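Everything on this sheet refers to the single structure shown next.
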Amino acid sequence: MALLEAHDIDARYGDVRAVTDVSLTLDQGELLALVGANGAGKSTLLRVLAGAHRPFSGTVAYQGEDVTRLRDFERNRRGICLVPEGRRLFASLTVRENLLVGGGSQRSGRWDLGTVTDALPVLAPLLDRNASQLSGGQQQAVAIGRALMSNPEVLLLDEVSLGLAPIVIDELYASLAPVRETGLGIVLVEQDLERTLAVADRIVCMLEGEAVLAGTPATLTHEQITDAYFGHAIALHGGTGDDAAAAGSGGGRW
Ligand code: ATP
């Protein structure tokens with residue numbers, strides 16, 4: 001049984017179809033990366049998985065339970081946690097207080113203030129600082145730490161590196177490595193393709209709301225991915241790899 005399963009997700013904003021007929025699975029301990037151009041539907045799909053956006057149709061199952069109708073805070077209590085694009089910290093609270101808000105899910109587990117600051121050492125000297133005084137990289141570390149405080153089984157990371165300097169991004173990804181070793185499943189939206197290929201177990205490429213290509217970094221070529229990214233025909237009509245062929249016309253399940 002997959003940790004998280006989405007079936008035939010269709011998500012809209014009024015008449016705008018943001019996600020069309022996307023199915024995917026996430027296993028325990030797996031890092032699944034969603035890639036695609038701006039507006040491809042990645043953030044919307046993450047929000048559907050998190051319960052922050054109700055899909056027009058389709059289902060989301062978590063640990064075998066249909067959670068489609070559960071709101072974000074209810075899914076959070078069960079172990080699904082979204083780190084949204086833009087971090088959304090409480091600016092008037094300290095880092096410590098922001099982290100403790102994350103612990104509000106009341107889920108027990110390995111993560112508490114001590115283990116989170118061990119995993120994200122950049123946070124330790126900042127605990128009493130106001131969140132509004134932090135750099136972008138520090139804020140992102142708080143956002144990830146806050147998510148860990150809820151002891152998630154599934155972490156949904158939306159563009160964690162957006163607007164950060166390369167060296168800060170390196171540090172963030174380095175700190176994610178031991179987090180991954182704890183066995184939680186991660187769905188990552190990341191603009192940097194090279195970095196994605198370096199960290200992902202599996203990749204799903206989205207184009208105009210559809211999942212058009214999927215596979216592992218070892219089985220997909222750069223050409224296949226960039227073609228899928230920019231919408232060239234190869235992704236939609238089958239590349240040379242098995243995964244590309246399996247992707248079909250976007251309704252495939254990976
Ligand atoms: P980005 O990298 O720019 O965040 P994305 O791949 O995450 O892109 P989404 O943000 O999910 O894509 O957007 C998918 C589609 O839904 C786009 O056409 C976008 O304009 C539209 N969309 C997203 N949010 C809203 C909204 N709040 N209201 C209306 N349309 C929206």
Side-chain angles (χ1 to χ4, degrees), residues 4 6-26 31-60 68 71-73 75 80-89 136-137 139-140 143-144 147 154-166 168-169 172-173 176 185-200 202-215 220 224-232 235-236 247 249-252 254:
L4 192 68
H7 284 286
D8 303 333
I9 297 295
D10 212 288
R12 305 178 182 185
Y13 299 94
D15 292 336
V16 177
R17 297 185 75 164
V19 175
T20 305
D21 199 19
V22 172
S23 298
L24 56 79
T25 62
L26 175 72
L31 193 151
L32 173 68
L34 299 179
V35 301
N38 286 345
K42 309 176 298 292
S43 296
T44 304
L45 182 56
L46 273 197
R47 288 166 47 76
V48 167
L49 297 176
H53 185 95
R54 169 83 54 106
F56 182 78
S57 59
T59 58
V60 178
T68 315
R71 304 270 303 277
D72 49 0
F73 65 92
R75 292 191 207 187
I80 300 175
C81 191
L82 172 68
V83 178
E85 188 180 331
R87 297 138 204 167
R88 310 230 183 106
L89 300 182
Q139 285 182 23
Q140 192 62 70
I144 293 171
V154 172
L155 196 55
L156 307 168
L157 297 174
D158 198 357
E159 305 219 14
V160 287
S161 53
L162 198 68
L164 304 182
V168 178
I169 301 172
L172 264 183
Y173 272 87
L176 278 177
I186 299 177
V187 184
L188 172 78
V189 171
E190 169 61 71
Q191 288 286 351
D192 183 336
L193 216 43
E194 294 304 321
R195 200 174 286 279
T196 303
L197 289 169
V199 300
R202 228 155 28 94
I203 295 173
V204 169
C205 195
M206 295 186 66
L207 175 68
E208 295 175 0
E210 296 186 24
V212 292
L213 182 73
L220 297 175
Q224 282 176 312
I225 296 170
T226 49
D227 281 350
Y229 201 100
F230 294 111
H232 298 173
L236 288 166
S249 61
W254 301 301

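Computed from a prediction, not measured in an experiment: that's the story for all the values here. In each ligand, atom 1 is the first atom listed, and ligand 1 is the first ligand listed.
The protein heavy-atom contact nearest to atom 6 (O) of ligand 1 is Lys42 NZ, 2.7 Å. When hydrogens are left out, the protein atom nearest atom 12 (O) of ligand 1 is Gly41 N, 3.0 Å; that is the closest non-hydrogen contact. When hydrogens are left out, the protein atom nearest atom 29 (C) of ligand 1 is Tyr13 CB, 3.4 Å; that is the closest non-hydrogen contact. Nearest protein heavy-atom contact of atom 10 (O) of ligand 1 is Ser43 CB, 3.9 Å. From the protein, the heavy atom lying nearest to atom 1 (P) of ligand 1 is Gly39 N, 3.7 Å. When hydrogens are left out, the protein atom nearest atom 2 (O) of ligand 1 is Glu159 OE2, 3.1 Å; that is the closest non-hydrogen contact. From the protein, the heavy atom lying nearest to atom 11 (O) of ligand 1 is Thr44 OG1, 2.5 Å.
Close contacts between ligand 1 and Glu85 involve ligand atoms 4 (O) [criterion: under 4.0 Å to a heavy atom]. Of all atoms in ligand 1, listed by their number and element, those nearer than 4.0 Å to a heavy atom of Gln191 are 2 (O). Less than 4.0 angstrom separates some heavy atom of Ala37 from each of these atoms of ligand 1: 6 (O).
When only interatomic distances are considered, the shortest N/O to N/O separation between Ala40 and ligand 1 falls below 3.5 Å. Considering backbone and side-chain atoms alike, Ala18 places every N or O at 3.5 Å or more from each N or O of ligand 1.
Of the residues Ile186, Leu155, Leu156, the one that meets the side chain to side chain contact (heavy atoms under 4.5 Å, CB included) test with Val83 is Leu155. Of the residues Leu46, Val204, Leu82, Ile80, the one that meets the side chain to side chain contact (heavy atoms under 4.5 Å, CB included) test with Val187 is Leu46. A side chain to side chain contact (heavy atoms under 4.5 Å, CB included) with Arg195 is found for exactly one of Leu197, Leu193, Asp192, namely Asp192.
Note: Arg12 CZ to Thr44 OG1 = 13.0 Å, rounded to the nearest 0.5 Å. Atoms CD and CG, from Glu159 and Leu34 in turn, are 10.5 Å apart once rounded to the nearest 0.5 Å.
Of the protein's heavy atoms, none falls inside 4.0 Å of atom 19 (C) of ligand 1.
Not close to ligand 1: Arg17, with no non-hydrogen atom less than 4.0 angstrom away.
Residues Leu176 and Leu31 are not in side-chain contact: their nearest non-hydrogen atoms beyond the backbone lie 4.5 Å or more apart. Residues Phe56 and Arg17 are not in side-chain contact: their nearest non-hydrogen atoms beyond the backbone lie 4.5 Å or more apart. Within the 4.5 Å cutoff, side-chain heavy atoms of Asn38 are placed close to those of Gln191. At a threshold of 4.5 Å between non-hydrogen side-chain atoms, the residues Leu45 and Leu24 count as touching. With contacts defined as side-chain heavy-atom distances shorter than 4.5 Å, the pair Ser23/Asp8 qualifies.
Neither the backbone nor the side chain of Met206 has a heavy atom within less than 4.0 Å of ligand 1.
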